[in-house]
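See below for the structure under consideration.
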Amino acid sequence: MDGAIKAVADRLKGLREIMDVSVEEAARVCGLTPEQYAAYETGDIDIPVGVLHSMAKEYNFELTTLISGNEPHMKSYFLTKKGKGLSVDRRSDYKYQSLAFGFANRKADPFIVTITPEETKEIHFNSHPGHEFNYMIEGSMKIVVDGKEMQLDEGDSLYFDATKQHGMQALNNAPARFLAIII
């Protein structure tokens, strides 16, 4: 996983430098301090998907390019078969599977996210520009948004302002799977 984090960090830094964007400007776009942003570019710590999404949206490049190093090409549609999404296993507590990675110029990024009780005993919070929609597919999870704790069970959904600190925790000693759409 460390190699994958480093590769994403290198692509993020390279794209920022090619576009002649300062660390301070990139940090502002992501809602971070320059020190926090610079730490992500070292590759020593994981980069939240929200940070990558913010940079991709602001500077008009594909999130897929940052995550995988490949450029999406589809413009009319993109089909993702069950279990065949692009795996984005960069964090130990969240397993992401990108569902629209091959569609160019998309307006939102849908992911299937799996969290486990072992990996989410402690909730790790993050925030990013835009909005987020979560729909529970399987299991239950506690989600905290801006200090408000809620429980989502199968079939429940939540739409929220992603600039607010948020984090998730699997409940009932079982994994939880949900659809997350970052807008």
Side-chain angles (χ1 to χ4, degrees), residues 1-5 7-9 30 40 45-57 62-70 72 74 77-104 106-183:
M1 185 163 28
D2 291 342
I5 293 170
V8 172
C30 298
Y40 289 136
I45 57 173
D46 186 32
I47 308 167
V49 171
V51 168
L52 300 175
H53 178 77
S54 297
M55 290 294 287
K57 189 172 184 180
E62 297 290 342
L63 179 61
T64 301
T65 303
L66 284 174
I67 293 171
S68 71
N70 297 315
M74 300 302 290
Y77 67 89
F78 182 75
L79 172 66
T80 303
K81 299 296 268 181
K82 182 179 179 180
K84 300 296 183 184
L86 176 66
S87 182
V88 188
D89 292 332
R90 296 177 6 269
R91 293 180 59 173
S92 63
D93 52 348
Y94 292 75
K95 179 183 175 199
Y96 293 90
Q97 193 177 60
S98 177
L99 301 178
F101 62 93
F103 193 90
R106 55 190 178 275
K107 305 292 187 233
D109 282 293
F111 298 92
I112 295 293
V113 182
T114 303
I115 58 175
T116 65
E118 301 81 26
E119 298 293 344
T120 60
K121 285 180 184 174
E122 181 181 325
I123 297 177
H124 296 103
F125 291 92
N126 70 77
S127 64
H128 51 86
H131 294 168
E132 187 167 326
F133 173 77
N134 295 162
Y135 176 82
M136 286 303 296
I137 297 169
E138 178 183 325
S140 298
M141 73 176 177
K142 175 168 68 173
I143 182 166
V144 181
V145 178
D146 199 26
K148 172 72 174 161
E149 290 187 15
M150 296 162 270
Q151 181 171 324
L152 296 182
D153 299 307
E154 189 175 316
D156 293 345
S157 65
L158 178 67
Y159 188 99
F160 60 93
D161 177 351
T163 65
K164 307 299 182 190
Q165 287 287 315
H166 58 280
M168 294 85 171
Q169 181 179 56
L171 298 176
N172 304 324
N173 289 319
R177 282 187 343 121
F178 59 100
L179 171 67
I181 301 174
I182 300 174
I183 307 159

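Of all heavy-atom pairs between Ala100 and Thr80, the closest is N-OG1, 4.4 Å. The minimum heavy-atom distance linking Leu66 with Val8 is given by the pair O-CG2, 3.6 Å.
Counting only residues at least two apart or in different chains, salt bridge (charged side-chain N to carboxylate O under 4.0 Å, His left out) contacts with residues 145-156 comprise Lys142-Glu149.
In this structure the side chain of Ile181 never reaches within 4.5 angstrom of the side chain of Asp109, judged on heavy atoms. By the 4.5 Å heavy-atom criterion applied to side chains, Leu86 and Ser68 are counted as neighbours. Residues Phe111 and Leu99 are not in side-chain contact: their nearest non-hydrogen atoms beyond the backbone lie 4.5 Å or more apart. In this structure the side chain of Ser157 never reaches within 4.5 angstrom of the side chain of Met136, judged on heavy atoms.
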Under the side chain to side chain contact (heavy atoms under 4.5 Å, CB included) rule, what do Ile183 and Tyr159 come out as? Steps first, then yes or no, please. CA-CA 10 Å; Ile183 307 159; Tyr159 188 99; 3.9 Å; yes

What do the steps show when you test His128 against Cys30 for side chain to side chain contact (heavy atoms under 4.5 Å, CB included), and what is the final call? CA-CA 6 Å; His128 51 86; Cys30 298; over 6 Å; no

Any chance you could lay out the side chain to side chain contact (heavy atoms under 4.5 Å, CB included) test for Ile67 and Phe101, step after step, and finish with the verdict? CA-CA 9 Å; Ile67 293 171; Phe101 62 93; over 6 Å; no

Side chains of residues 163-179: which donor-acceptor partners sit under 3.5 Å, not counting sequence neighbours?
{"residue": "Thr163", "atom": "OG1", "partner": "Asp161", "partner atom": "OD1", "Å": "2.6"}
{"residue": "Thr163", "atom": "OG1", "partner": "Asp161", "partner atom": "OD2", "Å": "3.2"}
{"residue": "Gln165", "atom": "NE2", "partner": "Ser127", "partner atom": "OG", "Å": "3.4"}
{"residue": "His166", "atom": "ND1", "partner": "Asn126", "partner atom": "O", "Å": "3.1"}
{"residue": "His166", "atom": "ND1", "partner": "Lys164", "partner atom": "O", "Å": "2.9"}
{"residue": "His166", "atom": "NE2", "partner": "Asn126", "partner atom": "OD1", "Å": "3.4"}
{"residue": "His166", "atom": "NE2", "partner": "Glu132", "partner atom": "OE1", "Å": "3.4"}
{"residue": "Gln169", "atom": "NE2", "partner": "Thr120", "partner atom": "O", "Å": "3.1"}
{"residue": "Gln169", "atom": "NE2", "partner": "Lys121", "partner atom": "O", "Å": "2.9"}
{"residue": "Arg177", "atom": "NE", "partner": "Glu138", "partner atom": "OE1", "Å": "3.4"}

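Looking at residues two or more places apart in sequence or on another chain, you find no side-chain contact (heavy atoms from CB on, under 4.5 Å) involving Lys82. The side-chain hydrogen bond (donor to acceptor under 3.5 Å, both in side chains) test applied to Thr65 returns Glu71, not counting sequence neighbours. Considering only residues two or more places apart in sequence or on other chains, Tyr40 meets the ring-ring contact (aromatic ring centres under 6.0 Å, His included) condition with none of them. Scored by the side-chain hydrogen bond (donor to acceptor under 3.5 Å, both in side chains) test, Ser54 finds no partners at all (sequence neighbours excluded).
To the nearest 0.5 angstrom, Ser140 atom OG is 8.5 Å from Leu152 atom CG. The line from CE of Met150 to CG of Asn134 is 9.5 Å long, rounded to the nearest 0.5 Å. One finds the CG atom of Leu158 at 13.0 Å from the CD atom of Gln151 (value rounded to the nearest 0.5 Å). Considering OG1 of Thr114 and CD of Glu119, their distance stands at 12.5 Å, rounded to 0.5 Å. A distance of 3.5 Å separates CD1 in Ile112 from CD1 in Ile137, rounded to the nearest 0.5 Å.
If you look at Phe160 and Phe133, their ring centroids are not closer than 6.0 Å.
Classification of Glu62 and Arg106 as a salt-bridged pair holds, one side-chain N sitting under 4.0 Å from a carboxylate O.
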